[in-house]
There are 4 protein chains.
Amino acid sequence: MMMTQKRDDILAAAQRLVSQHGFHGTSMSMIAAEAGVGAGTIYNYFPSKDDLMRALFMMIKQDFMQKVMAGVSPDAPLQESFGLMWANIIHYYLDFPDQITFAQQFHHSPYFDRACEEMMNTLLAPLVVPFEKAMSAGVIRPLPLPVLETFTLDVATSLARRHIKGEIILDDTLINLTAALCWSTLSPDSTRK
Amino acid sequence: MMMTQKRDDILAAAQRLVSQHGFHGTSMSMIAAEAGVGAGTIYNYFPSKDDLMRALFMMIKQDFMQKVMAGVSPDAPLQESFGLMWANIIHYYLDFPDQITFAQQFHHSPYFDRACEEMMNTLLAPLVVPFEKAMSAGVIRPLPLPVLETFTLDVATSLARRHIKGEIILDDTLINLTAALCWSTLSPDSTRK
Amino acid sequence: MMMTQKRDDILAAAQRLVSQHGFHGTSMSMIAAEAGVGAGTIYNYFPSKDDLMRALFMMIKQDFMQKVMAGVSPDAPLQESFGLMWANIIHYYLDFPDQITFAQQFHHSPYFDRACEEMMNTLLAPLVVPFEKAMSAGVIRPLPLPVLETFTLDVATSLARRHIKGEIILDDTLINLTAALCWSTLSPDSTRK
Amino acid sequence: MMMTQKRDDILAAAQRLVSQHGFHGTSMSMIAAEAGVGAGTIYNYFPSKDDLMRALFMMIKQDFMQKVMAGVSPDAPLQESFGLMWANIIHYYLDFPDQITFAQQFHHSPYFDRACEEMMNTLLAPLVVPFEKAMSAGVIRPLPLPVLETFTLDVATSLARRHIKGEIILDDTLINLTAALCWSTLSPDSTRK
DNA sequence: GATGAATGAGAATTCATTCAT
DNA sequence: AATGAATGAATTCTCATTCAT
């Protein structure tokens, strides 16, 4: 159906504008104009601005997950998958800086409520499962899941943000180095002297 | 003069409200009411909403720095200082959850411009210097400064946020564990097999 | 479409209110209420209060010009046209006192900028051309154009204002007398003893 | 008394600022700052902003009258006095362009009420009396007083304004020419063919 | 008299949302 | 479904005026 086309146009327009001007710098009329639709049309697809934003966030996260898992074999050893996923994450951010800007803004705003939280957890599950297995198997250090996420996802995000801001240059060498650093944090013997 | 009192009331009110409702959910009238002053009074102390927000951010960061360095001796070995600073950071966030909420919102909003960036760097300098020395001395692994900050400050911030959201409980055990994990990332031999 | 109706209502309301209360005594909400539209509606037609005022001024001046030139034949001798135009000007002011009040307020306010100036000159051109021709032909005394305008337009305006204020009564006799006085000022032999 | 000094400072400051920024572009605090007094102090001398503006207008008009009559002998023939007064008026405006700007703004604003009107008439009396006498004596054409004012004062004001705006240059030649033109309008035989 | 911090009513303007077409 | 003109509540900010010192 064509119904989906307009919806996508609106989401794409919103993403472009919000990453440039922020949530509150982006009005519904701006989105409508950028998407090439009437102002009222948006409300045929999204009940409110908040809903549009939430939908956009989810869309981005879904896309993110898909690209992060690209090429990852469920049977490969975690250390190997980890390196691949790490590179995927970083490249995603570098390829789509708008997305990270939007996602960060959204994530630290009052838009991000319990419902978002839960949907995100559901979405992240495929990423998390292999780590849980690895913990059970003693391949990586047993850690509370949120701590694990901090030392992996959050670190990658932080690095990407600093790259986008121009503080560092994430070339292959630095990507590999940081991947190795993170992995070492997870491996069971890392704090040995 | 009491001039300072009203200014502080306004800053405190702004902090409380923004951490709850976000920047754009917090109107100047709300701040005035919460601070117990007239709407126009705010403008005797801050030229605009933006300036008020920036001033608040800076104040928080200054306070943060002071509390993080509490008890840290410049002559102590870095590993020892590191543990102390780590605990200080975590405790600061746990003691003042409003601050971290506000600071994160601000940091990822369009309010945060070049000028803020630079003031922050100036402010963070005392924290950074010992690490640079340690790198030169080979005590810790040589890393670009932003990478170092990611693996220390940003990780601590992320952990604290997850504590505040209820995902984990940062008791002394977990604080020590995470400190050790971070430190191991920095130490020169951590990626050895 | 009815689009034009609302625009006109707004202009008419603005004109009435400003001639009574002055620019700054006339708020946008007052105009909206008087025009019977929502406060925001004005901004669908005019980007700002300034623009609304400028548009109104231009509209009035255009209307003025049209009415002043009514019945004036381009081929008639200037002295004859002059009498007609003079009567037209005076009658315009007497018929539309709001307009003159508004125009005078506007003209002596900071709203009146270079751009207004130039648009006015363009507008006045048809009025001015016959005088320039008459000067070349020696029918009237050669004078700098602004001086000519002073002795014609500005004098008529001043007389009309004094009528509106009740200082004089501009009946046909006085209109004819003043026209004759002005014309005598322009004719080449007027200062002869 | 020193009381007068501060009052004068305030009036002078107001005049400077209003001629630059207009009435509503000039706030009481601006005036206070420019005058070097506290914001509240103004209210010891003037009950309100409106009163201050009115007082300023009157002061200017008084000064104007004094300078216009400078060197005018009550016994001299009117034609001679007229030339002198004409030059005085023009020179006053050229010497004090701020005043004309302010006075025009004020005169066409709602600040200018009946009371102002009457005070102005009282003030202008010395200027008017000689003309009335000359009319009785048949030296000049009998005209309603407001018409006379239009053809003299208002014309001079208009010329001065056009000079200030750069449309013409009022050198001695043009001053004398325009004086002669105006005088001819007043003299009893001017409309003869 | 002098001060200037405090006030709060009021201004221009924005924008999410509605609804008649 | 699509439109976009209309709405009006809400926002930031200004400023004449007051009053405790």
Side-chain angles (χ1 to χ4, degrees), chain A residues 1-3 6-7 24-33 35-53, chain B residues 1-3 5-7 10 23-33 35-52, chain C residues 1-3 5-7 10 23-33 35-52, chain D residues 1-3 6-7 24-33 35-53:
Chain A
M1 293 165 251
M2 282 307 280
M3 279 175 39
K6 277 215 153 74
R7 191 175 188 277
H24 293 273
T26 304
S27 70
M28 292 298 264
S29 342
M30 282 166 74
I31 296 171
V37 302
T41 306
I42 299 180
Y43 291 87
N44 288 333
Y45 298 98
F46 306 95
S48 74
K49 189 182 183 183
D50 287 21
D51 284 281
L52 165 57
M53 293 301 168
Chain B
M1 288 170 250
M2 292 264 91
M3 279 173 38
Q5 188 50 52
K6 279 221 150 70
R7 203 187 123 98
I10 292 164
F23 288 114
H24 293 276
T26 304
S27 72
M28 292 299 261
S29 350
M30 282 167 73
I31 296 173
V37 302
T41 303
I42 298 179
Y43 292 88
N44 288 340
Y45 297 97
F46 306 95
S48 72
K49 189 181 182 183
D50 286 23
D51 282 277
L52 166 56
Chain C
M1 288 169 248
M2 292 266 87
M3 278 174 41
Q5 188 49 55
K6 280 222 151 71
R7 204 188 121 97
I10 291 164
F23 289 114
H24 293 275
T26 304
S27 72
M28 292 300 261
S29 349
M30 281 166 74
I31 297 172
V37 302
T41 304
I42 298 180
Y43 293 88
N44 288 340
Y45 298 97
F46 307 95
S48 72
K49 189 180 183 183
D50 287 22
D51 283 277
L52 166 57
Chain D
M1 291 168 250
M2 282 307 278
M3 279 175 38
K6 278 216 154 70
R7 191 174 188 278
H24 293 274
T26 304
S27 70
M28 293 298 262
S29 341
M30 281 166 75
I31 297 172
V37 304
T41 305
I42 298 179
Y43 291 86
N44 288 334
Y45 298 97
F46 306 95
S48 74
K49 189 183 183 183
D50 287 19
D51 284 280
L52 165 57
M53 291 303 167

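Here is how names work: the chains are called A, B, and so on, in the same order as the sequence lines, proteins then strands, and each is numbered from 1. Since the model is a prediction, treat every value here as computed from it, not as a measurement.
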What does nucleotides 14-21 of chain E look like as a protein-contact string, B for base, S for sugar-phosphate only, - for none, at under 4.0 angstrom between heavy atoms? B-SBB---
Would you please confirm or rule out a distance under 4.0 Å between OP1 or OP2 of F:dA1 and any side-chain N or O of A:Tyr45? no
How long is the gap from CZ on D:Arg7 to OG1 on D:Thr41, to the nearest 0.5 Å? 14.5 Å
Distance, nearest 0.5 Å, that separates CD1 of D:Ile42 from OH of D:Tyr45: 11.0 Å
Taking the side chain as C-beta and beyond, is there a heavy-atom pair between B:Leu52 and B:Ile31 under 4.5 Å? yes
Could you check if a side-chain atom of B:Met28 sits within less than 4.5 angstrom of a side-chain atom of B:Tyr43, using non-hydrogen atoms only? yes
Assess the side chains of D:Asp51 and D:Ser48: does a donor N or O sit below 3.5 Å from an acceptor N or O? yes
Please report the shortest heavy-atom distance between C:His24 and C:Lys49, naming the atom on each side. CA-NZ, 4.3 Å
Shortest non-hydrogen pair, A:Ala32 vs A:Ala39, comes out as CB-CA, 3.7 Å
Could you check how far CZ of D:Phe46 sits from P of E:dA2, rounded to whole Å? 12 Å
Without decimals, in angstroms, what is the distance between C:Met30 CE and E:dA12 P? 10 Å
When rounded to whole Å, the CZ to C1' distance for the pair D:Arg7 and E:dG1 reads 16 Å
Give the dot-bracket line for DNA chain F from 5' end to 3' end: parentheses for intra-strand Watson-Crick or G-U pairs under 3.5 Å, square brackets for crossings, | for inter-strand pairing, dots for unpaired. .||||||||||||||||||||
Atom-to-atom span, CD1 of C:Ile31 to P of F:dG8 - whole angstrom: 17 Å
